[in-house]
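Accompanying notes for the structure given below.
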Amino acid sequence: MAPTAAADTRQAVLSCVRSSSSSQQIGELFSVDPEGSTPQQWADASLPYNTRLADEIGPLAIVYPRHPGQIAAAIQCADSNGVPAVARSGGHSYGAYSLGGSVKSSPKASSSSSKLDTPRPAEESLIIDMREFRHVDYDAKSQLVRVGSGAMLGELNEELERHGRMVPSGSCPTVGVGGQVLAGGFGLASRAYGLLLDNLVSAEVVLASGETLTVSNKHHPDLFWGIRGAGPSLAIGHSFTFQTHPMPQTVTYFELTLLPRALPASEESAKRATALFSAMQQFRASEHAAPDLGFSWHVTPESTGTEWGTKVEILGQWIGPQDKFDAVMRELETLLRKEGLADFELGKREMSWLESMHNTGGDWTKIADRGPLNVNEHVNFYAKSLLTKHDIPDSSMQAHMTRLLSLSAHHNPSTNVDWFVLSPYLGGESSAVRRHFSGAFGHRDVKMVWELYAKRSDNSHGQSGSNGETDLVEFVNVMAEDLGVVKAVYPAYVDPELGADRFGEMVYGDSLPRLQGLKRRYDPSNVFRQPQTIRAEGRGWGGPVRDWLLILGALAWCCC
Ligand SMILES: Cc1cc2nc3c(=O)[nH]c(=O)nc-3n(C[C@H](O)[C@H](O)[C@H](O)COP(=O)(O)OP(=O)(O)OC[C@H]3O[C@@H](n4cnc5c(N)ncnc54)[C@H](O)[C@@H]3O)c2cc1C
């Protein structure tokens, strides 16, 4: 059961919100909370996208502002009652951070968390749901699009398609614009156009002080820099204006799959998969890995009908027609032959830009089907993201593949775990991700984003599934074991298991010290706090206080 929030704190926050509404004449601010709403309403509004954490979150109340004045009132009521103010846009946070995050601190056995370095637990928070800010307004003259934080990526893409324009983003249609642009936003087109945040021209934000600002390279450039990578730590954005690009006429989607499609678990399979990966590493280093080519490494269990094997493939897209794509791929095919790999299948298909988004994203029908109070998609999962900035040696890759082949061979629906590895390549000298140095996204030298993902097949809620099956966190930690020590993670794939000591540099990279300065300046009382938001050094659980507690903890541990 989620811990019950102190009813008096909740009442104090909500009555503050009500009295600000009438005294400041900002209109009534609709809210849902466990005491004032029906149990069904509260359950609907507060169920996280990631239902693994459904029993661990403890939002105090959820408010649904309709204009910036109401956001400001909610922030100030949270702050004056010592409660964190947390925005929710599309609600897809991997760690349920848009509901405050897990109020339990329970690190799983992990190679990445030491005994003393436990995740920072969340606090019961006031949730500011941004769904009413859902506008998508394209201006043909300036070719800019102004989008509400609560609009979904699919809505943005569909509206721009009507004007023959595009903005690069992740492909999941129901992810919120607000949550993605403030952390990153990559897709198969990122090597050509950069991250979603690289295309941001200005943002309209509400500060901890309640002040509303428009930030851009001209106005408050320091804050504009900071929100592009660490937005949730610094402000609540309600509208974002992006530059747009002409929509590509044609995209060629491809899948290059090792045969047989369900590889058996054997040394030979591990060697062949490693050879494919090695060819991909050489190919992407070559000049032919042009920015118009986006590709990902993909591994997942595949059934032969009678038993389980492993599907190993490179999938991706070329922005352009198939004849040009064929010329680009010839070099990869030559490399494959050099690696002794003849047994593979190359499927390819030309499609429109929007079709390519549909092809790589989730369920687009969910856009129209959005629940009245919350997202209506829920998955029980754990994922770890590792950013690699160097090539993976063959020896590590072969050990990794041996492990995955064995996991697939033991795959069984009764274990209630489905998994995949999906690793987009964002790097290369010509990549737009590398060329942009404009925001606080701290990992411009990234080569690949490794997503190691496991979910409950039956979608039951909670940590242990319906029958106490394999722990998903432990499962993913095992998947990651041969890939080396994790030094960097992708900010938009929040890993709630990261220790409080380590996440700062891993998430924010070299941008961390400057971001701490911005935090001191724009959110001195730390009202925008979540388990992995930035704390200004020297304040609260982020500086000396934490260090002293760690020293005391170490002494207690050593001496007991
Ligand atoms: C199915 C799925 C597919 C995905 N695919 C991709 C992909 O292809 N590429 C990619 O880059 N990422 C991808 N992601 C990750 C996704 O970009 C992040 O989870 C993103 O943060 C979700 O945004 P949201 O608005 O839906 O989430 P939310 O849960 O609403 O917000 C996420 C975080 O941002 C904060 N936040 C939200 N809105 C605001 C605001 N207005 N002001 C300040 N802080 C705010 C929240 O407090 C929270 O900390 C995917 C996630 C899922 C679940």
Side-chain angles (χ1 to χ4, degrees), residues 48-50 53 57 59 62 65 68 71 75 84-101 122 125-134 147-154 156 168-190 194-198 203-208 226-227 229-240 294 296 357 360-363 366 370 374-375 377-379 381 383 385 422 424 426 433 441 446 449 451 453 455 490-496 507 523 527-533:
Y49 172 86
N50 187 353
L53 303 167
I57 49 159
I62 305 175
I71 301 174
I75 294 170
V86 166
R88 176 168 72 176
S89 289
H92 281 58
S93 167
Y94 280 21
Y97 282 2
S98 49
L99 282 162
S125 307
L126 178 65
I127 310 306
I128 302 176
D129 188 296
M130 302 300 293
R131 68 184 37 238
E132 297 293 338
F133 295 81
R134 203 172 162 180
V147 193
S149 178
M152 294 179 266
L153 292 175
L156 171 61
S169 69
S171 54
C172 174
T174 49
V175 161
V177 169
Q180 184 157 101
V181 68
L182 297 173
F186 69 76
L188 283 176
S190 296
L195 304 171
L196 179 60
L197 58 74
D198 293 327
E204 292 155 73
V205 302
V206 185
L207 301 183
I227 62 163
S233 297
L234 298 171
I236 292 187
H238 64 81
S239 298
F240 301 96
S296 296
M357 297 295 289
T360 48
D363 182 355
K366 293 278 183 194
R370 193 183 209 187
N374 195 359
V375 283
E377 283 175 290
H378 303 280
V379 183
F381 73 105
S385 78
L422 184 64
L426 299 182
V433 175
F441 180 78
V446 57
V449 180
E451 183 177 19
Y453 180 104
K455 74 174 179 89
Y490 177 50
Y493 289 166
V494 164
D495 177 357
V507 175
D523 183 18
V527 66
F528 300 129
R529 62 186 186 276
Q530 301 175 18
Q532 290 179 12
T533 46

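Ligands are counted one by one from 1 in listed order, and the atoms in each one are counted from 1 as well.
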Using heavy-atom distances, let me know which of R88, Q180, E377, M130 sits nearest atom 16 (C) of ligand 1.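 Among R88, Q180, E377, M130, the closest heavy atom to atom 16 (C) of ligand 1 belongs to Q180.
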Of A235, P424, G178, which has the heavy atom at the shortest distance from atom 43 (C) of ligand 1?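 Looking at heavy atoms only, A235 sits closest to atom 43 (C) of ligand 1.
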Distance-only N or O hit between ligand 1 and [X], under 3.5 Å:
X	answer
I236	no
V86	no
G90	yes
H92	yes
S149	yes
A87	yes
Y49	no
G179	yes
S93	yes
G237	yes

Examine the proximity of ligand 1 to [X] and report which part, side chain or backbone, both or neither, has a heavy atom under 4.0 Å away.
X	result
L182	side chain
S89	both
H238	neither

How about E451 and Y94: do any of their side-chain heavy atoms sit closer than 4.5 Å?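 Sidechains of Y94 and E451: in contact.
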Does a side-chain heavy-atom distance below 4.5 Å link S296 with L188?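 SC-SC contact between S296 and L188 confirmed.
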CG of N374 to CZ of R88: how many Å apart, nearest 0.5 Å?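 CZ of R88 is found 4.0 Å from CG of N374.
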For [atom], which protein heavy atom lies nearest, and how many Å away is it?
atom	result
atom 9 (N) of ligand 1	F186 O, 2.8 Å
atom 11 (O) of ligand 1	Y490 OH, 2.5 Å
atom 50 (C) of ligand 1	V175 CG2, 3.9 Å
atom 18 (C) of ligand 1	A492 O, 3.3 Å
atom 48 (C) of ligand 1	Q530 OE1, 3.9 Å
atom 6 (C) of ligand 1	Y493 OH, 3.9 Å
atom 29 (O) of ligand 1	S98 OG, 2.6 Å

Can you name the closest pair of heavy atoms from I127 and G100 and give their distance?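 Closest pair (atom of I127, atom of G100, distance): CD1-N, 3.9 Å.
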Out of all atoms in ligand 1, which are within 4.0 Å of some heavy atom of Y97? Include the element for each.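 The atoms of ligand 1 under 4.0 Å from a heavy atom of Y97 are 49 (O).
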Is [X] near ligand 1, meaning one of its heavy atoms is under 4.0 Å from it?
X	answer
S171	yes
G187	no
S169	no
G184	no
F528	no

Assess the residue pair E377 and T174 against the criterion (side-chain hydrogen bond (donor to acceptor under 3.5 Å, both in side chains)); give the C-alpha distance rounded to whole Å, side-chain angles, the decisive distance to 0.1 Å, and a yes or no. CA-CA 9 Å; E377 283 175 290; T174 49; 2.4 Å; yes
Strictly by modelled atom types, are S149 and S89 linked by a side-chain donor-acceptor pair under 3.5 Å?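 Looking only at side-chain atoms, S89 and S149 do form a donor-acceptor pair, the distance falling under 3.5 Å.
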